[in-house]
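Structure, as structure tokens:
Side chains are part of it too, since the values below use all heavy atoms of this structure and drop only hydrogens, waters and symmetry mates.
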Number of protein chains: 2
Amino acid sequence: MPLMPDRAAPSPAPPVLKRATLVDVAAHAGTSTISVSRALRRPAMVSEGLRARIMQAVQELGYVSDTAASALASRRSGVIGVLIPSVADAVFGDLLDGLYDAVAATPYTLQLGNTRSDAATEERLIRIHLGQRPAGLILAGIDQSSAARAALERAECPVVQIMDLTENPVDMQVGFSHHAAARTATGHLLARGYHAPAFIGARIDPRTERRLAGYREAMAEAGLAHRARVVTTPKPSSVGMGSTLFRRLRQYAPDADAVLCNDDDLALGALFAAQRAGLSVGREIGICGFNDLDVMAAAFPALTSVRTPRREIGAAALSMIATRLWDGDVAPPIRDLGFKLMVRASTERV
Amino acid sequence: MPLMPDRAAPSPAPPVLKRATLVDVAAHAGTSTISVSRALRRPAMVSEGLRARIMQAVQELGYVSDTAASALASRRSGVIGVLIPSVADAVFGDLLDGLYDAVAATPYTLQLGNTRSDAATEERLIRIHLGQRPAGLILAGIDQSSAARAALERAECPVVQIMDLTENPVDMQVGFSHHAAARTATGHLLARGYHAPAFIGARIDPRTERRLAGYREAMAEAGLAHRARVVTTPKPSSVGMGSTLFRRLRQYAPDADAVLCNDDDLALGALFAAQRAGLSVGREIGICGFNDLDVMAAAFPALTSVRTPRREIGAAALSMIATRLWDGDVAPPIRDLGFKLMVRASTERV
DNA sequence: TTGAAAGCGCTAACAG
DNA sequence: CTGTTAGCGCTTTCAA
């Protein structure tokens with residue numbers, strides 16, 4: 001860091017390193033600060049000639065608007081908050097990718113919050129974000145605490161709940177039905193001739209619960225409720241955990257001939273564990289994942305999975321907020337982006 | 001959005017929904033705004049009694065400090081900027097995890113920027129972040145454009161370059177040597193008796209280049225420079241791409257008996273491709289990854305990889321900034337967190 | 001289309 | 001330890 005003399009000698013030289021402000025730009029362009037402000041935010045409100053002079057001054061002085069001052073004066077911040085349960089999970093990575101992609105074309109900035117799947121943390125983060133007068137708020141999931149929900153309902157900005165669907169969203173929502181997806185996947189296993197598909201899941205959260213319910217419903221509909229087998233753990237999901245749960249399942253329910261995995265990591269772990277056990281994946285044991293990360297199609301044998309529109313959800317959420325902010329109305333404010341079962345060798349039975 | 005009457009009728013009722021400000025809290029607690037401000041930021045500067053009254057008023061009014069006003073008045077923002085090349089990559093996911101974990105214990109907030117491995121984007125983001133008077137800036141990589149570097153050197157906040165090491169950091173740095181890591185991994189393959197280890201890589205960036213150089217150096221040292229085989233693609237890395245590159249390698253250099261993969265995704269893809277080709281992984285073909293994601297140990301056969309301290313780097317970077325901000329000096333301002341070769345079945349030869 | 005004046009809510013600096 | 005006084009740099013009226 002550069003050292004400064006105790007007291008700078010008064011000198012005609014410009015104060016070193018002081019950032020240019022609107023006042024500086026206005027002086028440089030021979031106009032008022034408000035015109036500069038307008039030229040920058042709504043170019044159409046300023047005559048062409050003035051605008052040109054202003055833009056040049058901005059260039060020459062390397063002016064960068066002060067976000068804080070702007071937010072304070074306008075009571076608006078340009079920050080869109082995003083609250084997700086995990087930053088390390090590939091599923092949310094894809095979501096973020098879609099989000100960052102979409103935001104690049106707007107004047108907004110994303111501010112990420114990591115809830116760690118903890119309701120209290122989420123509540124705290126919601127408060128903090130709301131305190132910053134965000135331009136919008138994007139929340140993963142629909143399971144906010146009631147206090148959080150109350151705060152959200154008082155929010156003066158658009159709010160989008162994503163990744164899931166609920167009857168009564170706070171404001172807007174875009175996602176897909178985890179229940180239906182699991183139900184479809186289970187139906188697929190049954191249709192392929194697996195008689196006793198099981199379910200394995202790690203770190204059970206509300207989203208997972210809905211998938212599990214979908215699995216159970218499909219089993220019940222097939223008159224196989226008594227054959228439902230579920231193995232879960234509160235620990236975080238990982239490929240290694242997938243292997244562990246698979247082994248546990250084989251021990252607890254040796255009759256299970258297929259397994260619906262709560263996510264792709266678990267499915268991959270199940271695949272490796274099955275191979276270690278010398279099982280023929282697809283024929284002796286069916287494996288189906290959830291999310292359809294790129295690895296699923298590349299695996300050997302290729303793994304069946306439910307493709308979820310994570311990137312698309314991110315893009316849609318951002319566009320919904322931008323639309324609301326610019327045009328006012330968003331239609332429809334509730335979007336089901338669906339899912340798609342990607343059938344591959346791991347559930348081929350034959 | 002709630003509708004507002006054109007002109008609110010003057011009424012004795014409290015203005016609906018108006019957020020409490022310092023003035024409100026001060027009035028409620030019977031003191032001045034500055035004392036409230038102090039009680040909140042430096043509790044020690046206020047007597048116990050006053051503090052208690054203030055805290056209660058804060059509670060009762062649900063006061064939340066206005067970030068923008070605070071930043072404007074103090075010329076400090078509490079925001080630590082983090083610029084990474086990808087939000088979807090598991091490697092950076094782990095980094096973020098470490099970062100978010102560490103920041104939770106501080107009063108700071110992280111603001112993520114996605115450079116998409118693009119120097120111009122990175123430069124732009126650096127400017128934007130710097131314009132917000134961040135409390136600190138964390139940059140992945142050491143390959144900023146010269147304009148970006150110039151801006152960074154003028155920055156008035158701590159700057160940490162992470163994930164890599166360079167002779168002349170902008171300010172502080174924490175990472176490990178990609179060159180040395182690849183050199184070590186290649187050395188391992190040679191020591192295990194593989195005579196012609198190749199290298200595959202996707203989306204070659206400067207970090208990758210250094211790994212490749214490490215590979216080449218190890219080959220040269222072993223007098224096998226003439227046996228070096230490299231297959232790369234500008235496309236993004238993925239498991240599927242790993243399979244593709246592996247097949248391409250087999251075609252182009254059928255004599256290669258091992259492959260050092262630029263990342264774990266590629267290694268996993270190589271594993272699957274090798275299995276598809278009926279090769280015995282470990283014996284007929286050695287496979288080594290880079291980063292050691294959880295999947296590597298769980299795979300069948302388990303895959304050798306270079307473990308990189310991503311979470312630790314995140315935690316260290318944040319602590320370096322916090323220390324600089326609170327205590328002034330950070331020692332040492334340059335940290336090599338090293339790496340560790342995790343040897344597993346995929347390079348067992350035997 | 002342009003400008004002048006008046007804050008936004010907070011904190012730095014200086015007094016008591 | 002506590003309070004007063006001035007802004008921070010921008011945008012919002014309102015007026016010309």
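To the nearest angstrom, P of D:dG9 lies 15 Å from CD of B:Gln132. Remark: C1' of D:dC1 and CZ of B:Arg53 are 12 Å apart, rounded to the nearest angstrom. The separation between A:Leu72 atom CG and D:dC8 atom P is 13 Å, rounded to whole Å. Atom C1' of nucleotide D:dG9 and atom CZ of B:Arg133 are separated by 8 Å, given to the nearest angstrom. Taking atom CZ of residue B:Arg19 and atom P of nucleotide C:dC8, one finds them 14 Å apart after rounding to whole Å. Per the geometry, CZ belonging to B:Arg76 stands 20 Å off P belonging to D:dG7, to the nearest Å.
Between A:Arg75 and C:dG9 there is a side-chain N or O to OP1 or OP2 distance below 4.0 Å. Proximity of B:Ser47 to the phosphate of D:dT2: a side-chain N or O atom is located under 4.0 Å from OP1 or OP2.
Within the nucleic acid shown, A:Arg42 has no heavy atom closer than 4.0 Å to any nucleic acid atom. B:Arg51 comes within 4.0 angstrom of nothing in the nucleic acid, heavy atoms only.
Within a heavy-atom distance below 4.0 Å of DNA chain D, the residues of residues 30-39 of chain B found are B:Thr31, B:Ser32, B:Ile34, B:Ser35, B:Arg38. Within residues 54-66 of chain A, the residues that place at least one heavy atom under 4.0 Å from DNA chain D are, in residue-number order, A:Tyr63, A:Ser65, A:Asp66.
Looking only at distances, no side-chain donor or acceptor of B:Thr33 sits under 3.5 Å from a matching main-chain atom of B:Ala26. No side-chain donor-acceptor contact under 3.5 Å links A:Gln132 to the backbone of A:Ser77. With hydrogens and angles ignored, the 3.5 Å screen pairs no side-chain donor or acceptor of B:Glu122 with any backbone N or O of B:Leu83. Checked by atom type and distance alone, the side chain of B:Arg51 never pairs as donor or acceptor with a backbone atom of B:Ala39 at under 3.5 Å. Checking side-chain atoms of B:Arg149 against main-chain N and O of B:Gln144 turns up no donor-acceptor pair under 3.5 Å.
The local environment of CG in A:Asn168 is crowded, with over 12 non-hydrogen atoms from other residues, nucleotides or ligands closer than 6.0 Å.
The distance from atom CZ of A:Arg38 to atom OG of A:Ser32, rounded to the nearest 0.5 Å, is 7.0 Å.
Take the nearest nucleotide of DNA chain D for B:Ala69 and for B:Glu48: the residue whose nucleotide is more 5' is B:Glu48.
Considering only the side chain of B:Thr21, C:dG9 comes nearest among D:dG9, C:dG9, C:dA12.
Taking 4.5 Å as the limit, some side-chain heavy atom of B:Arg19 sits within range of a side-chain heavy atom of B:Asp66.
The side chain to side chain donor-acceptor pair (under 3.5 Å) pairs that include a residue from residues 111-121 of chain A are A:Arg116-B:Asp101, A:Asp118-A:Thr121, where partners are two or more places apart or lie in different chains.
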